[in-house]
**Q** 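One structure, as structure tokens, below. Some questions next.
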Amino acid sequence: MRELLYKDAIREAMDEELARDERVFLIGEDVGIFGGSFKCSVGLRDKYGDMRCKDAPISEAGIVGTGVGAAIVGMRPIVEIMYADFLLVCMDQICNQAAKINYMSGGQIHVPLVIRTPMGGGRALAAQHSQCLHAWVANCPGLKIALPSTAREAKGLLKSAIRDDNPVLIFEHKAMYNMKFDDLPAPEADELIPLGKARIVSEGSDITVVSCSLMTLKCEKAAMELSKEGISVELIDLRTITPLDTGTIIDSVRKTGRLLVVDEGHTSYGITGEIIARIMPDVFYSLEAPAQRLCTPDIPIPFTPRLEQAMQPNETTIAAKIREML
């Protein structure tokens, strides 16, 4: 296994897919000459040229619209939206065009489009650049949505997304770009991680904890701390929320009898409540306590770092919640 930064794993995935398939190209603000706002595409313009690593004007609607059109005529575009918050200005192109064309054409037209975008807090970028909006697009049928939690997951899920014939949104957590992971296989392995299959990070017997993206890392640290107290946590990394692997969650909760769902998105109308509602008919009689969730409170993300940190679930609050449930 190799060590690699989260952002470098993303670049490696795009590099390999650009080399493998001439239909693949990258488009977005500052992705070319500048190498991307978070440096995920450094060197790709020099290697593949301006037409396959394309700087775009500041128009998210235009960028995604270009990607949708290119996908319809047979290309496999990777669209980068600088911040997930800016998905709101291209929601029509995503939810009314990319997500629906396959259905509206009776399956005759496919949209093999990937939209990559950084989400989440941790960098004190305030209310308009720190949101987690994955639940918004999860409400739109026709989209697949991935949230990688490690460098290996980021690379494997992105490669699978690029080869998928459906539109896929990948939410990359901006606080993870410069994190180093040691879980990557050699490049020649060409590892594809399937969309729709959750990952069991650690097995346990006392409680099931379900999470995704950066929260998986925080839950893992909490579980390690709790293990010193004799508490056994089974941690599940969702990988994708659409499709949602309910089977893995159900099997785990039937074994442990308890469920906590942790997400950085806001509490109300988010993915945590949806997950609990979906599995409840299958696990109700197995539960030893009510299923619960831990999320960000329903207020805009503050600019002040200390307040931002206090809002988000962290290792301490996750461990405290688990102790409470036990």
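What you see below is based on every heavy atom in this structure, not just the backbone, and it leaves out hydrogens, waters and symmetry mates.
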**Q** Quick one: which residue pairs count as a salt bridge (Lys or Arg N to Asp or Glu O under 4.0 Å) with a foot in residues 81-100, not counting sequence neighbours?
**A** none
**Q** Leu87 versus Leu169: any side-chain heavy-atom pair under 4.5 Å?
**A** yes
**Q** Side chain of Asn102, backbone of Ile109: donor and acceptor closer than 3.5 Å?
**A** yes
**Q** What about Val209 and Ile241, same hydrophobic cluster or not, with Ile/Leu/Val/Met/Phe/Trp/Tyr joined at side-chain heavy-atom distances under 4.5 Å?
**A** no
**Q** Distance check, rounded to the nearest 0.5 Å: Asp251 atom CG versus Thr246 atom OG1?
**A** 9.5 Å
**Q** Out of Val168, Ile162, Leu18, which residue meets the side chain to side chain contact (heavy atoms under 4.5 Å, CB included) rule with Ile78?
**A** Ile162
**Q** Using a strict 4.0 Å threshold on nitrogen-to-oxygen distance, state whether Lys155 and Asp190 make a salt bridge.
**A** no
**Q** Please check this pair: side chain of Asp298 against backbone of Ser268, looking for a donor-acceptor N/O pair closer than 3.5 Å.
**A** yes
**Q** With distance as the sole test, does Glu234 use its side chain to make a donor-acceptor pair with the main-chain N or O of Gly204 at under 3.5 Å?
**A** yes
**Q** Apply salt bridge (Lys or Arg N to Asp or Glu O under 4.0 Å) to Asp182 and list each qualifying residue two or more places apart in sequence or on a separate chain.
**A** none
**Q** Would you tabulate the side-chain donor-acceptor contacts of residues 315-326 under 3.5 Å, counting partners in other chains and residues two or more places apart, or write 'none'?
**A**
unit_1, atom_1, unit_2, atom_2, d
Thr317, OG1, Asn314, N, 2.9
Thr317, OG1, Asn314, O, 3.1
Thr317, OG1, Asn314, OD1, 3.4
Lys321, NZ, Gln292, OE1, 2.6
Lys321, NZ, Glu324, OE2, 3.4
Arg323, NE, Glu229, OE1, 3.1
Arg323, NE, Glu229, OE2, 3.4
Arg323, NH2, Glu229, OE2, 2.8

**Q** Hey, are the side chains of Ile193 and Arg199 touching, using non-hydrogen atoms and a 4.5 Å cut-off?
**A** no
**Q** Please check if the number of heavy atoms outside Met51 that lie under 6.0 Å from its CE is greater than 12.
**A** no
**Q** Only counting residues at least two apart or in another chain, list the ones meeting salt bridge (Lys or Arg N to Asp or Glu O under 4.0 Å) with Glu188.
**A** none
**Q** Apply salt bridge (Lys or Arg N to Asp or Glu O under 4.0 Å) to the pair Lys218 and Glu264, showing each step before the final yes or no.
**A** CA-CA 11 Å; Lys218 294 184 181 296; Glu264 192 178 331; over 6 Å; no
**Q** Phe181 vs Tyr6 aromatic rings, parallel, tilted or perpendicular, using cut-offs 30° and 60°?
**A** tilted
**Q** Using a 6.0 Å cut-off, check whether atom CD1 of Ile58 has over 12 heavy atoms from anything other than its own residue.
**A** no
**Q** Report yes if the side chains of Ser41 and Leu26 come closer than 4.5 Å at any heavy-atom pair, otherwise no.
**A** yes
**Q** In plain terms, say whether Lys221 and Glu225 are close enough for a salt bridge, that is, a side-chain N and a carboxylate O under 4.0 Å apart.
**A** no
**Q** So, do Lys174 and Tyr83 sit near enough that their side-chain heavy atoms are less than 4.5 Å apart?
**A** yes
**Q** Do Asp282 and Ile279 touch side chain to side chain, with heavy atoms closer than 4.5 Å?
**A** no
**Q** Under 3.5 Å, side chain of Thr256 to main-chain N/O of Asp206, donor-acceptor pair present?
**A** no
**Q** Between Arg239 (side chain) and Gly196 (backbone), is there a donor-acceptor pair under 3.5 Å?
**A** no
**Q** May I ask you to decide if Thr296's main-chain N or O and Gln312's side chain share a donor-acceptor pair within less than 3.5 Å?
**A** no
**Q** Kindly work out whether a path of hydrophobic side-chain contacts (I/L/V/M/F/W/Y, heavy atoms less than 4.5 Å apart) joins Leu44 to Ile170.
**A** yes
**Q** Considering all heavy atoms of both residues, which atom of Gly265 and which atom of Cys295 are nearest to each other, and what is their separation?
**A** O-CB, 3.2 Å
**Q** Is there side-chain contact between Asp245 and Thr240, with heavy atoms separated by less than 4.5 Å?
**A** no
**Q** More than 12 foreign heavy atoms under 6.0 Å from CE of Met280: is that the case here?
**A** yes
**Q** For a quick test of reading the model, state the closest non-hydrogen atom pair linking Asp55 to Gly32 and the distance between them.
**A** OD1-N, 2.7 Å
**Q** What are the two closest non-hydrogen atoms of Leu184 and Arg152, and how far apart are they?
**A** CD1-N, 3.4 Å
**Q** If the threshold is 4.0 Å, N to carboxylate O, is there a salt bridge linking Arg163 and Glu17?
**A** yes
**Q** Nearest 0.5 angstrom please: Phe171 CZ to Leu133 CG, how far?
**A** 6.5 Å
**Q** Working to the nearest 0.5 Å, report the span between OG of Ser211 and CD of Glu220.
**A** 9.0 Å
**Q** State, with a plain yes or no, whether a side-chain heavy atom of Lys54 is found less than 4.5 Å away from one of Val31.
**A** no
**Q** Between Thr117 (side chain) and Ala84 (backbone), is there a donor-acceptor pair under 3.5 Å?
**A** yes
**Q** Are Leu238 and Leu244 side-chain neighbours, meaning at least one heavy-atom pair lies under 4.5 Å?
**A** yes
**Q** Taking all atoms of both residues into account, what is the closest heavy-atom pair of Leu259 and Ile207, and its distance?
**A** N-CG1, 4.3 Å
**Q** Is it true that the side chains of Thr216 and Ser149 contain a donor and an acceptor less than 3.5 Å apart?
**A** no
**Q** Backbone N or O of Thr248 within a donor-acceptor pair of the Ser252 side chain at under 3.5 Å?
**A** no
**Q** Going by the salt bridge (charged side-chain N to carboxylate O under 4.0 Å, His left out) test, name the single residue among Lys159, Arg20, Lys47 that passes it with Asp15.
**A** Lys47
**Q** Sequence neighbours excluded and cut-off under 3.5 Å, please list the side-chain donor-acceptor pairs for residues 135-147, or say none.
**A**
unit_1, atom_1, unit_2, atom_2, d
Lys144, NZ, Asp164, OD2, 2.9

**Q** Could you pull out all residues at least two apart from Lys39 that satisfy salt bridge (Lys or Arg N to Asp or Glu O under 4.0 Å)?
**A** none
